[in-house]
Structures are given as C-alpha cells and as structure tokens.
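Some notes on the structure that comes next.
Naming: A, B, ... by sequence-line order, numbering from 1 per chain. When reading the values below, keep in mind they use all heavy atoms of this one structure, side chains included, and skip hydrogens, waters and symmetry mates.
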Protein chains: 2
Amino acid sequence: MIDKEILATIDVDEAVPGKTRDALRAAHLYYMQDLTMDAIAHELHTSRSSVSRLLSHARASGLVEISIHSPLDLPSRIEHEILERFEVQAHVIPVPDHASDVDRLDRVALSAARILGRFIDSNLTVGLAWGSTMGAMSRHLVPKATHNSEIVQLNGAGNLRTTGIVYASELLRRFGDAFGARVQQFPVPAFFDDPATKQAFWRERSTQRLLDLQGRLDLALFGIGSPFAEVPSHVYQGGYLERADYEGLSRDGAVGDVATVFYRADGSTDGIALNERATGPDFATLRRAPRRICVVSGRAKLAGLRGALAAGLITDLIVDEGTARALVESPAD
Amino acid sequence: MIDKEILATIDVDEAVPGKTRDALRAAHLYYMQDLTMDAIAHELHTSRSSVSRLLSHARASGLVEISIHSPLDLPSRIEHEILERFEVQAHVIPVPDHASDVDRLDRVALSAARILGRFIDSNLTVGLAWGSTMGAMSRHLVPKATHNSEIVQLNGAGNLRTTGIVYASELLRRFGDAFGARVQQFPVPAFFDDPATKQAFWRERSTQRLLDLQGRLDLALFGIGSPFAEVPSHVYQGGYLERADYEGLSRDGAVGDVATVFYRADGSTDGIALNERATGPDFATLRRAPRRICVVSGRAKLAGLRGALAAGLITDLIVDEGTARALVESPAD
DNA sequence: TCCCACTCTGCACATATGTTCACGCGGCTT
DNA sequence: AAGCCGCGTGAACATATGTGCAGAGTGGGA
C-alpha cells in the first residue's frame with residue numbers, strides 16, 4: 001500500500017516534467033522560431049490539437065512570459081502624473097468607459113494577476129486582503145516558482161460565498177499554489193460583534209503569531225472597499241454590517257476601507273468606531289511593508305482610493321483607466 | 001524648402017507615437033486581457049485587420065516581449081553539461097535533425113536574434129563579425145532602445161552579395177538601427193593580398209581609431225567559419241581565398257576562423273600564414289571583451305566550434321540542438 | 001480479476017487570425 | 001492645378017488556432 005503510493009507519487013513527478021519538457025520545446029518552436037502549430041506537431045510526433053493544448057499549458061503555467069514595454073520616452077501621461085502627484089507607481093489598465101463594473105473588475109483583475117509576477121519573489125512574506133477584487137485576481141494568477149515565501153491573510157472573513165466572492169481559504173490556497181508559498185490563514189470573522197471578543201482573541205498566542213507576521217510583511221496586496229458605493233457587491237452585502245454600522249460609518253465620515261479598516265477622506269482612522277471590531281491590521285502596521293500594492297477598479301471607489309492615497313497606504317497602484325483619469329483630473333491633491 | 005523638410009520630420013516624429021500608442025494599447029488588450037482582435041478593433045474604432053497589423057507591429061518593434069523560462073529545476077541537460085565542461089553559457093535551439101542546413105541556420109539565427117536583446121544594453125561597445133550567420137541574424141533583430149551604444153565592425157568584407165550574404169554596411173546598419181547605436185564601419189577587404197599592405201593600413205590613424213575601439217569591446221558577437229565544411233557557403237565562396245590559400249590552411253592545420261582569424265583544433269593561431277593578411281582582431285584582443293557571444297549552426301562547424309572553445313573565445317554560445325549534442329557526446333575535452 | 005474514474009488523444013467543427021487586394025486620402029512634384 | 005506616389009484602410013479570402021466529443025489507455029479499488 002505504502003509502496004503503491006510512493007510509486008504513484010514518483011509516477012506523477014516523472015510524468016509532469018515530461019509534459020513540461022514538451023511544452024517548453026513547443027513554446028520555443030512557436031514563440032522563438034515562429035513555427036506553425038502544425039509544424040510543431042510534426043516535430044513532436046503528436047497532433048496539432050495537442051500542441052495547441054501544450055502551448056496553453058505553457059502560457060498558463062508561466063513557462064512563457066509575455067511582457068509589454070512602453071518605449072521609455074512615452075510613459076503614459078497618466079501614470080507619470082500619478083507618480084508626480086501621489087508618489088505612487090501606477091499601472092493603468094485600459095478599459096473602455098462604457099464597460100460594466102463587472103467587466104471592468106474582471107479585466108483589471110486579469111491584468112493585475114499577470115503583473116503580480118513581477119513583484120512576487122522568493123523569501124517574501126506577502127500580506128493578502130480578502131475581498132471581491134482579490135477573489136477575481138485569484139482566478140487568473142500565473143504561477144511562478146518561489147522558495148520560502150509565505151502568504152499571510154490580513155483580515156478575517158466569513159464562510160459565505162456570494163457571487164464572485166470566494167472562500168478566504170480558497171483564495172489563500174490559490175495564491176499559495178501559484179507561487180509555491182506557505183499559507184497562513186486567519187480564521188476570524190471580518191468584524192467581531194463585540195470589541196471585547198476581539199481584544200481577547202488578540203491575546204491568544206496563535207493570533208499573536210499571525211499579528212507578528214503581519215508586522216513584518218515585505219509586500220501587501222489589497223483592494224479598496226467602498227461602503228457607500230452604488231453597487232456595494234462586496235463584504236457589505238454578506239451581512240457583516242448592519243444598518244446601524246453603516247450609519248455609524250456615515251457619521252464618522254468614512255469613505256472606504258482597506259482590509260476592513262475604515263478611513264476618512266484625509267486618511268485618518270482615529271475615532272471610527274467600527275475599527276474597534278475590525279480584523280485587519282492598523283495602518284501604521286500596514287505601512288511597515290516596504291511595498292504595498294493596491295488594485296482598484298471602478299469610479300465608485302474613487303473616494304476610497306483618494307483616502308487610501310492620503311493615508312499613504314499605497315506604493316504601487318493598479319487601476320482602470322477611467323478611474324485613473326478621474327483621479328488625475330481632480331482639482332488638486 | 002528647409003522649412004518643408006523640418007515640417008516633414010516633425011510630422012513623422014509626431015505620427016509614429018500615435019501608431020505606437022495604439023499598438024501599445026492593442027497589445028495590452030490582447031496579451032494582458034485576452035480580448036479578441038475583434039473586440040479590440042471595436043474599442044479602438046478600427047477594423048480587425050488593422051488590429052492584427054498593430055499587433056504585428058508591436059511584436060516586431062519590441063513593444064511586446066515574449067520570453068521563456070525553464071523551471072529552474074529542469075535546465076536542459078545539454079546546456080548544463082556544456083556549462084560544466086566548457087564553462088560556457090549555452091542556449092540550445094531545438095531544430096529537428098533532418099532539417100536542411102539552410103533551415104537550421106535560419107532557425108538558429110531567428111532565435112539568436114530574439115535572445116540578443118537580453119545582452120544588448122545602453123553604453124555598450126559591441127563588436128560584430130561579418131558572415132552568413134550574422135547576415136541571417138540581421139534580418140530578424142528585435143529593436144530595443146538604447147543610448148550611447150556603438151557597433152564596431154570586427155573584420156573587413158568585400159562588396160559582393162551572394163545568396164544570403166549581405167553587404168557588410170547593410171548588416172551593420174541593421175544592427176545599428178535595431179538598437180539605436182552608432183556604427184563604425186571597417187572598410188577593408190576580408191583579406192589583404194599582401195601582408196605589407198595590411199601593415200601599412202594598420203598604421204593609418206583612422207584604422208588605429210577603429211582598432212582601439214576593438215580593444216575596448218564590452219560585447220563581441222560572431223559566428224564560426226569552417227573552411228573545409230561540405231557546404232562552404234560563406235566567405236570562402238566569394239573568391240576571397242584561392243586554392244593556394246586553402247592548401248596553406250590545410251597544411252597549417254586550421255579548423256575554423258572567427259572574424260577571418262584562423263585557428264587549430266587546440267585553439268592556437270601562431271604560424272598560420274593566412275592570419276598575416278586577415279583583418280579581424282587577434283584573439284588576445286578579442287578575449288578582452290567581457291562577453292563574447294558565438295552563434296553556430298550545423299554539425300559542419302563542430303570542429304571549428306571545438307577549436308574556438310579551446311581558444312577560450314566564447315562566453316555565451318547559441319547553437320542548434322544537433323550540434324550541441326554532438327559537442328557533448330565527444331569522448332572528453 | 002473486473003470495473004470505474006480519470007486522463008490524454010486526435011478528429012471535426014467553430015472561431016480567430018493573417019494576408020491579399022483594390023481603393024481613397026494626403027503630400028509632393030511638375 | 002493636376003497628377004503621381006506612398007501609405008494606410010477594410011472587405012474578402014486563406015490559414016491557423018481553439019474546443020467539444022468520443023474512444024483508448026491506465027491505475028486504483030472492490
């Protein structure tokens with residue numbers, strides 16, 4: 001029995017490289033030598049269909065990397081302006097203005113997932129927020145082999161699974177798989193009902209360990225929550241917050257949240273009652289991460305984005321074109 | 001009249017970015033967001049055909065870069081073995097064994113041209129040999145913007161233009177255009193008839209200037225000449241060498257040449273008479289370049305390649321699979 | 001040992017992409 | 001002003017690529 005299992009394991013370990021080798025060779029022939037798939041099929045003694053599939057595999061598994069370089073003398077005006085005004089490196093994703101919010105999110109997430117590979121590397125501790133944006137990204141990650149990296153969940157989440165929102169554990173797993181990283185779950189709700197419970201929980205040693213990791217991030221990755229957006233298709237729908245909570249947020253002047261921590265337009269968080277029950281790291285902690293990537297899509301999140309910029313939470317911004325334009329067209333900082 | 005010319009120039013300079021911007025956007029949409037060309041055409045308010053052309057342009061002009069990464073745990077056995085035995089970083093190009101020599105050369109040259117971008121950078125002085133291999137490469141270069149680089153011709157060449165061999169000046173120009181580099185021609189024949197003429201020429205100040213540059217290369221790029229190969233479709237066909245020259249080479253034990261300088265199987269060059277009349281740099285000079293890339297295709301060049309390796313001329317080798325295999329299968333160093 | 005579940009293959013079809021061609025629009029010359 | 005390039009366009013066609021499907025092979029479990 002044990003032998004069988006070992007054999008099976010070996011079998012897989014041997015079989016995969018075989019496929020990978022073929023995929024690699026097919027990729028060379030296709031992308032470097034411009035052969036047609038038909039010709040490659042002939043060289044590999046297989047069918048054209050299989051070559052098509054091999055190439056898909058090669059792309060999906062990161063064997064083939066496609067990158068786009070703007071000529072340095074033509075660096076998108078918008079990205080440049082964002083850098084000037086906010087000291088943030090922007091990646092603007094072209095999306096037509098008439099696209100629906102869902103399309104927009106998907107397209108930004110797809111591009112973001114592909115850009116992400118540039119930031120992830122070995123020996124990194126990566127903090128990951130939980131939300132619809134991260135969920136969408138998780139579906140499109142391009143694998144990249146790293147060693148000794150770790151993905152740390154930044155904020156809690158329930159187990160609901162509404163449209164487009166993925167279990168936190170599933171989300172973590174996808175990121176972990178894609179980068180060969182260990183995964184640190186944070187099994188708490190998004191918001192505690194009672195601040196005292198949170199306090200108590202925070203004193204647990206297992207929680208301490210996680211908080212400690214959160215304090216030593218190399219990279220943080222998060223979206224922006226906008227509680228008052230027209231289409232609040234996120235955490236706020238899941239029944240996490242009640243009418244009274246919204247009213248409280250409104251009264252406190254909150255314009256958005258990062259990993260369940262809310263802030264005002266000027267980036268301040270003090271005195272926002274709900275934060276006492278939130279599970280994400282406070283901003284001082286978050287800002288310790290040297291690189292902090294924010295993915296935003298949709299004008300509805302503009303106010304939230306402005307606040308996060310004011311709070312100095314962001315070092316790299318991935319954003320759709322319309323929102324970027326709106327950001328830059330505002331009167332002043 | 002002058003005004004018109006200036007206007008025309010400005011016109012071009014303005015027009016090209018417009019196209020480049022579109023190409024860039026199309027590339028984003030296609031390669032990052034996986035839109036179909038049809039959809040892109042719609043977003044760009046143009047026809048699908050034009051999008052197809054824009055994307056071709058984006059690829060050909062280096063806006064889009066496609067690279068292939070072997071998983072680090074699976075680095076082609078052959079490349080690894082070459083690194084072990086010859087201390088040379090190899091790039092093995094897969095080519096089926098039954099391919100004709102012409103195919104093989106083309107495919108190696110195509111791949112080599114695409115790999116070359118990784119080596120070329122700003123502020124480099126690049127030495128370039130002249131021959132059929134370099135000619136084939138010159139047809140497939142992917143542009144890359146650099147500043148303050150310089151391409152220096154390593155060896156002279158006549159003006160003939162046999163099949164597949166390009167004027168030296170044309171070849172230089174293509175490399176120069178592709179990388180935005182200045183070009184230093186070396187207007188001499190491949191071989192002088194009389195060593196004394198060479199000596200005299202070498203004392204000219206203009207020649208001195210060029211030799212000086214050759215002594216300070218950052219990068220050298222060359223193929224291998226094999227005078228006794230079955231298909232000597234190179235310099236040797238152009239009437240540069242006479243029967244007596246071949247006999248002399250044979251007597252002296254030459255197995256190949258790099259930039260018109262001949263060497264024996266052990267890499268030595270001393271006492272090979274023809275070298276007195278050759279125009280390329282001696283090997284001590286060539287070896288001063290910290291990086292020396294050699295492009296080889298075809299088993300016929302195997303002996304020549306071995307000699308060049310023995311002479312320590314090569315730091316990076318781009319070679320077709322069959323030849324690489326033959327190289328490694330030899331009994332010992 | 002047999003059978004099920006799984007994966008992989010190649011065929012045939014549906015799409016997507018590349019290329020040819022005829023046309024129309026400036027810009028330049030005469 | 002007329003006429004002649006040279007370039008860029010989109011329609012139509014020719015190829016190349018992606019995918020659903022049914023069958024073959026394989027390993028694991030009863």
Side-chain angles (χ1 to χ4, degrees), chain A residues 1-61 63-64 66 68 107 110 139-140 142, chain B residues 1-61 63-64 66 68 107 110 139-140 142:
Chain A
M1 189 53 154
I2 289 172
D3 282 349
K4 275 184 186 172
E5 225 175 303
I6 289 175
L7 277 173
T9 308
I10 288 172
D11 216 341
V12 170
D13 283 356
E14 296 288 342
V16 170
K19 179 178 180 180
T20 301
R21 282 174 62 85
D22 279 354
L24 218 43
R25 173 173 276 251
H28 269 286
L29 296 173
Y30 190 76
Y31 290 108
M32 293 289 163
Q33 295 185 24
D34 289 345
L35 294 203
T36 173
M37 292 187 181
D38 233 344
I40 298 171
H42 197 261
E43 287 199 15
L44 260 53
H45 306 294
T46 181
S47 73
R48 200 181 50 68
S49 328
S50 298
V51 174
S52 172
R53 286 185 274 250
L54 275 179
L55 289 172
S56 297
H57 171 71
R59 284 185 301 257
S61 63
L63 260 45
V64 172
I66 300 182
I68 297 178
R107 290 172 60 167
L110 180 54
R139 279 188 289 273
H140 302 296
V142 179
Chain B
M1 191 51 157
I2 288 173
D3 282 349
K4 276 184 185 172
E5 225 175 303
I6 289 173
L7 277 173
T9 308
I10 289 172
D11 216 340
V12 169
D13 284 356
E14 296 289 343
V16 169
K19 178 178 180 181
T20 301
R21 283 175 62 85
D22 280 353
L24 219 42
R25 173 172 276 252
H28 269 285
L29 296 172
Y30 190 77
Y31 289 109
M32 294 289 166
Q33 296 185 23
D34 289 346
L35 295 203
T36 173
M37 292 187 180
D38 234 344
I40 298 171
H42 197 262
E43 287 199 17
L44 262 53
H45 306 292
T46 181
S47 73
R48 201 181 50 69
S49 323
S50 298
V51 174
S52 173
R53 285 185 277 250
L54 275 179
L55 288 172
S56 297
H57 171 72
R59 285 185 300 257
S61 62
L63 261 44
V64 172
I66 301 182
I68 297 178
R107 290 172 62 168
L110 180 54
R139 280 189 288 272
H140 302 295
V142 179

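In this entry the distance linking CG of Asp38(B) with P of dT17(D) reads 18 Å, nearest Å. Rounded to a whole Å, the CE atom of Met37(A) is 11 Å from the P atom of dG18(C). The interatomic distance linking Asp34(B) (CG) with dG18(D) (P) rounds to 11 Å, in whole Å. When the P atom of dG10(C) is taken as reference, atom CG of Leu44(A) falls 11 Å away, rounded to whole Å. Here the C1' atom of nucleotide dG8(D) and the NE2 atom of His57(B) are 13 Å apart, to the nearest Å. Between His42(B) atom NE2 and dT17(C) atom P there is a gap of 16 Å when expressed in whole angstrom units. One can place CG of Leu54(A) at 14 Å from C1' of dT17(D), the figure rounded to the nearest angstrom. Summarising the geometry, the separation between CG on Leu55(A) and C1' on dT19(D) is reported as 15 Å, rounded to the nearest angstrom.
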Exercise for review: Please step through side-chain contact (heavy atoms from CB on, under 4.5 Å) for the pair Arg107(B) and Leu35(A), ending with a clear verdict.
Suggested key: CA-CA 9 Å; Arg107(B) 290 172 62 168; Leu35(A) 294 203; 3.4 Å; yes
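Between Tyr30(A) and dA16(D), a side-chain N or O to OP1/OP2 separation shorter than 4.0 Å is absent. Between Ser56(A) and dG18(D) there is no side-chain polar atom (N or O) within less than 4.0 angstrom of OP1 or OP2. Using a 4.0 Å cut-off, some side-chain N or O of Ser52(A) falls inside it from OP1 or OP2 of dG18(D).
Here the closest heavy-atom approach between residue Ile40(A) and residue Ala26(A) is recorded as CD1-O, 3.8 Å. The nearest pair of heavy atoms linking His57(B) to Thr20(B) is NE2-OG1, 4.4 Å.
More than 12 heavy atoms of other residues, nucleotides or ligands sit less than 6.0 Å from atom NE2 of His140(B).
In this model, no donor atom of one side chain and acceptor atom of the other lie less than 3.5 Å apart for Arg59(A) and Tyr31(B).
We find the CZ-CG distance between Arg21(A) and Leu44(A) to be 11.0 Å, quoted to the nearest 0.5 Å. Summarising the geometry, atom CE belonging to Met37(A) is positioned 10.0 Å from atom CG belonging to Leu54(A); distances are rounded to the nearest 0.5 Å.
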Practice item. Could you encode protein contacts along nucleotides 9-15 of chain D as a string, one character per nucleotide from 5' to 3', using B for base contact, S for sugar-phosphate-only contact and - for no contact, with a heavy-atom cut-off of under 4.0 Å? Key: BBBB---
